[in-house]
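Right, one structure below, let's go through it.
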Amino acid sequence: MSLNSAQKKAIEFINGPCLILAGAGSGKTKVIINKIIYLINHCKYKADNITAVTFTNKSAHEMRVRLSEYLNVLEIKKIIISTFHSLGLEIIKQEINALKFNSNFTLFDEKDQIMLLKKICHKDKNIEDDIQSLKKINIMISYWKNQFYTPLQAESLANSHLEKKIAYIYKKYNDYLCESNILDFDDLICIPTLLLKKNQKIQHYWQKKISYLLVDEYQDTNNSQYELIKMLTKIDSNFTFVGDDDQSIYSWRGANPENLLLLKKDFPSLKVIKMEHNYRSSGRILKVANSLISNNIHFLKKKLFSNLEYGDLIKVIVGKNEENEAEKIAKKILYQHAIKKIKYQDCAILYRGNYQSKILEKVLIKANIPYNISENSSFFSRPEIKDLISYIRVIINPNDNYAFMRIINVPSRKIGLITLNKLIQWADKENKSLFQISDDIEAKNLLTERTKNKIKKFIIWIKKITQLSYLQPSDILDIIINDIKYEMWLSKILKEPNQIKNSIDNIHTLSTWFKNMLQGDEFEQPMTLSQIVTRMTLRDISNNIKKNKRDKVQLMTLHASKGLEFPVVFMIGMCEGILPNHKSIYHNNIEEERRLTYVGITRAKKQLFFTYCCQRIQYGQIMHMSPSRFLFELPKEDLHWNTYISSVKSLQKIEKNKLKIYHIRKILKQYKKLKYE
DNA sequence: GGACTTTATCTTTCG
DNA sequence: GATAAAGTCC
């Protein structure tokens, strides 16, 4: 394996804290992989004592696969390669005795959280419980948790009536989680961190266990993750963090790129190694990317260079309207495919928002161009998957009220909302779970015999399944699907044959996944039912879902494109209001939009196209669009515009109008609400 | 459980 | 304004 001098330095620096500033396409993963191998083969480190943390399951899996080229599977299994959340979970599981709850805890995902918040807020007449407000409350609570504020602290820090109220909800929320033995995603980071802070013995154990820590995508860490890192690396500060401040595009999710700077303060002996040699993009693409990002304020200077050929001019394609823009892209792709013999799969179309893909799809279908939209983790939010997982959750922990509520009448057992509400009231009053109440339904007089019998039948069935725990997880799942005649139910409630087929396919995917989990793959041990559900909640299913590898044009958001590369890249909707997005303009958050653009540009290996259109329909009105300010930040001589550019002045006028409209909409919305009250 | 009406969304979304 | 999801009514 050939390494350049920066890469070599990054790998061989092992005594002390090390930050690798890895520019886009500079061989970041390669360095992490080789450093792990170096630590094992040339230093005192054993595989057991090395931990690599990534942000997504996907990259954790990729890292394992790439390591398997150099190490044997037994050795790889010993290295902890996981996401922050899985690592936190691991610590919690091992230290469960030092914690307040017991080992059969369940994990709450975002939807569960919202449901719980709804329940809490519903009782309180003074707080709105529409989904929007609930989501805001959830974000607030998450923020507090990640700052390690207790509900009490949050209340004392709250500086408005509303915040005080939310702090109170936070307390209720936390109490409920505690009582029900439930953790949310933030807990997975915060609980271990607090435990390590509090308990010296446990801290020492983990610092010894993780004697070398590597963190990928370091610029994406948030406050609590940074605290956890500090706890784990306290003794000798031997670690390697890899990041790129220019690719920080998740600040809206709590990521704190300033952690890069904090590192220098917290670890004065920090060695910063820059990797600036780009092996991906043509010289011109790199020049353009550098020139764009130089408009951001930088604390750590870095400039990418490339030895590859300079490459073609970067084309700016302008359409009359959105459809015309899409048509021009389709034409370009057809041309590239037919004349230049470029494969469809080597082309990517990147956009700011998912909504932009719609017209694109329409045109691509018309042009007969195969495409693939990278679907996020929507698999898990599919109703059919949620249903089945809820069944499993009830089997593991019958007192899981949310799962219970979801399945009691799916498929229909003729147990309606009225009955369910009665059950909920009883459960509240007697401080029992819905399952416990239903199990003792005979004692309740307010229900008809018929209803009682229906509930009894359901409870007996659950108990029966619960007793099957000696069977394999996948068998249990199959029995459930069979018993409740789920496929029949789906074909009944769904109208479109396509939808039915899709849903049933999803069930089969889930079933296959269970079977794989059972056998364990090269990196995995066989799992229990409860472990599988945990993995599902952590969305850790990537290696088992078939990848669509056929020759298709790739459509995805700029965010989703991070970490990938394509020979030909189209960045569409390059106009003011879309990129940068009007909300970001309004909130004065241009730098992150610029980084997002930078990420997009640096995905391209050989050819780069910017496209936009002059006119688009937004919020029902025809809007005149002007080219993105970012296009004017690129060197003129490297761009080739295929049409007349409207003057910047008219651009600003339009932008003002658009902001006005945005505000009017907001006011109208509030007005509507007022009228109701 | 289906037909109809209302409401929300128009920025990104990991675990 | 267009669309999809959620809510309401029978």
Side-chain angles (χ1 to χ4, degrees), chain A residues 53-60 82-89 107-113 130-133 135 138-139 142 146 183-189 216-217 220-222 224-225 248-255 322 350-359 374-378 380-381 383 409-412 414 416-417 489 492-495 534-542 556-563 573 577-587 589 592-593 595-597 599-600 616-623 658 661-662 665-666 668-669 672-673 676:
Chain A
V53 177
T54 62
F55 268 80
T56 60
N57 294 305
K58 200 175 139 205
S59 42
S82 73
T83 60
F84 268 110
H85 291 88
S86 303
L87 179 64
L89 182 70
L107 285 180
F108 251 26
D109 73 6
E110 219 152 13
K111 282 211 170 122
D112 301 319
Q113 286 178 300
D130 60 295
I131 296 160
Q132 245 186 325
S133 317
K135 276 185 180 164
N138 199 24
I139 289 169
S142 170
N146 282 303
L183 302 181
D184 66 20
F185 284 133
D186 296 324
D187 288 332
L188 290 181
I189 312 292
D216 192 14
E217 304 282 9
D220 288 338
T221 49
N222 66 21
S224 58
Q225 287 161 341
S248 165
I249 52 175
Y250 285 106
S251 70
W252 48 275
R253 216 168 56 189
E322 273 186 283
L350 310 180
Y351 38 80
R352 178 70 236 260
N354 284 308
Y355 64 96
Q356 290 173 267
S357 70
K358 203 154 271 172
I359 295 177
S374 86
E375 279 186 84
N376 30 39
S377 56
S378 56
F380 302 95
S381 38
N409 205 28
V410 173
S412 171
K414 308 274 178 197
L417 268 178
W489 160 255
K492 206 170 139 193
I493 58 159
L494 298 172
K495 286 177 206 155
T534 305
R535 285 283 293 273
M536 297 263 339
T537 317
L538 289 173
R539 310 280 135 109
D540 192 0
I541 190 178
S542 53
M556 66 189 85
T557 62
L558 287 162
H559 283 90
S561 75
K562 195 167 139 192
I578 292 187
L579 187 64
N581 187 270
H582 66 266
K583 278 191 186 168
S584 300
I585 298 171
Y586 180 64
H587 291 116
N589 199 10
E592 182 140 323
E593 297 289 304
R595 287 194 290 268
L596 200 48
T597 312
V599 167
R616 69 170 56 226
I617 297 167
Q618 261 184 336
Y619 309 117
Q621 277 125 336
I622 294 174
M623 298 292 232
K658 226 181 314 175
I661 288 168
Y662 177 61
R665 294 239 155 210
K666 256 188 162 173
L668 267 177
K669 230 183 193 172
K672 263 190 195 166
K673 262 191 186 168
Y676 263 111

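Source: prediction; values computed, not measured. So that the names make sense, note that chain A is the first sequence line, chain B the second, and so on, each numbered from 1.
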Query - Verdict with supporting geometry, A/D216 and A/T54, side-chain hydrogen bond (donor to acceptor under 3.5 Å, both in side chains) - result: CA-CA 5 Å; A/D216 192 14; A/T54 62; over 6 Å; no
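- Using cut-offs of 30° and 60° on the angle between ring planes, the pair A/F55 and A/F84 is perpendicular.
- Note on A/N581: every side-chain N or O is 4.0 Å or more away from OP1 and OP2 of B/dT12.
- Take the nearest nucleotide of DNA chain B for A/L188 and for A/K135: the residue whose nucleotide is more 5' is A/K135.
- The side chain of A/K583 sits closest to B/dC10 out of B/dT13, B/dC10, B/dG1.
- In this model, no side-chain donor or acceptor of A/R253 finds a partner on the base of B/dT13 within 3.5 Å.
- Computed from coordinates, the A/R595 CZ to B/dT12 P distance equals 18 Å when rounded to whole Å.
- Note: A/I359 CD1 to A/R616 CZ = 7.0 Å, rounded to the nearest 0.5 Å.
- When rounded to the nearest whole Å, the span between CD of A/Q356 and C1' of C/dT3 equals 17 Å.
- Of all nucleotides listed (B/dG15, B/dG1, B/dT13), B/dG1 comes nearest to the side chain of A/K414.
- Summarising the geometry, atom CD1 belonging to A/I189 is positioned 6.0 Å from atom OG belonging to A/S224; distances are rounded to the nearest 0.5 Å.
- Taking the P atoms as reference points, B/dT12 lies 15 Å from C/dA5, given to the whole Å.
- Between B/dT11, B/dT12, B/dG15, one nucleotide has an atom nearer to the side chain of A/H582 than all others, and that is B/dT11.
- Across the strands present, C/dT8 finds its partner in B/dA3; the criterion is a Watson-Crick or G-U wobble pair with both atom distances under 3.5 angstrom.
- Rounded to whole angstrom, the span from the CG atom of A/N222 across to the P atom of B/dG15 amounts to 14 Å.
- When the side-chain nitrogen and oxygen atoms of A/N57 are compared with OP1 and OP2 of B/dG15, one or more of them lie within a distance under 4.0 Å.
- Considering only heavy atoms from C-beta on, A/E592 comes within 4.5 Å of A/W252 through its side chain.
- For the pair A/T83 and B/dC14, the criterion of a side-chain N or O lying under 4.0 Å from OP1 or OP2 is not met.
- The distance from atom CD1 of A/I139 to atom P of B/dC14 is 15 Å, rounded to the nearest whole Å.
- As a whole-Å value, the separation of A/K358 NZ from C/dT3 P is 8 Å.
- A donor-acceptor contact under 3.5 angstrom links the side chains of A/S59 and A/T56, judged on distance only.
- The side chain of A/W252 lies closest to B/dT12 when the candidates are B/dG15, B/dT12, B/dG1.
- In this structure, NZ of A/K58 is placed 15 Å from C1' of B/dG15, rounded to the nearest angstrom.
- Using N1 to N3 plus N6-O4 or O6-N4 for Watson-Crick, or N1-O2 and O6-N3 for G-U wobble, each under 3.5 Å, B/dT11 pairs with nothing.
- For the P atoms, the distance from B/dC14 to B/dC10 is 16 Å, rounded to whole Å.
- Summarising the geometry, the separation between CZ on A/F55 and P on B/dC14 is reported as 13 Å, rounded to the nearest angstrom.
- Note on A/Y355: only backbone sugar-phosphate atoms sit closer than 4.0 angstrom, heavy atoms only; bases stay farther off.
- Between the CD atom of A/E592 and the C1' atom of B/dT13 there is a distance of 12 Å, given to the nearest Å.
- Comparing A/T56 and A/R352 by the nucleotide of DNA chain B whose heavy atom lies nearest to each, the residue mapping closer to the 5' end is A/R352.
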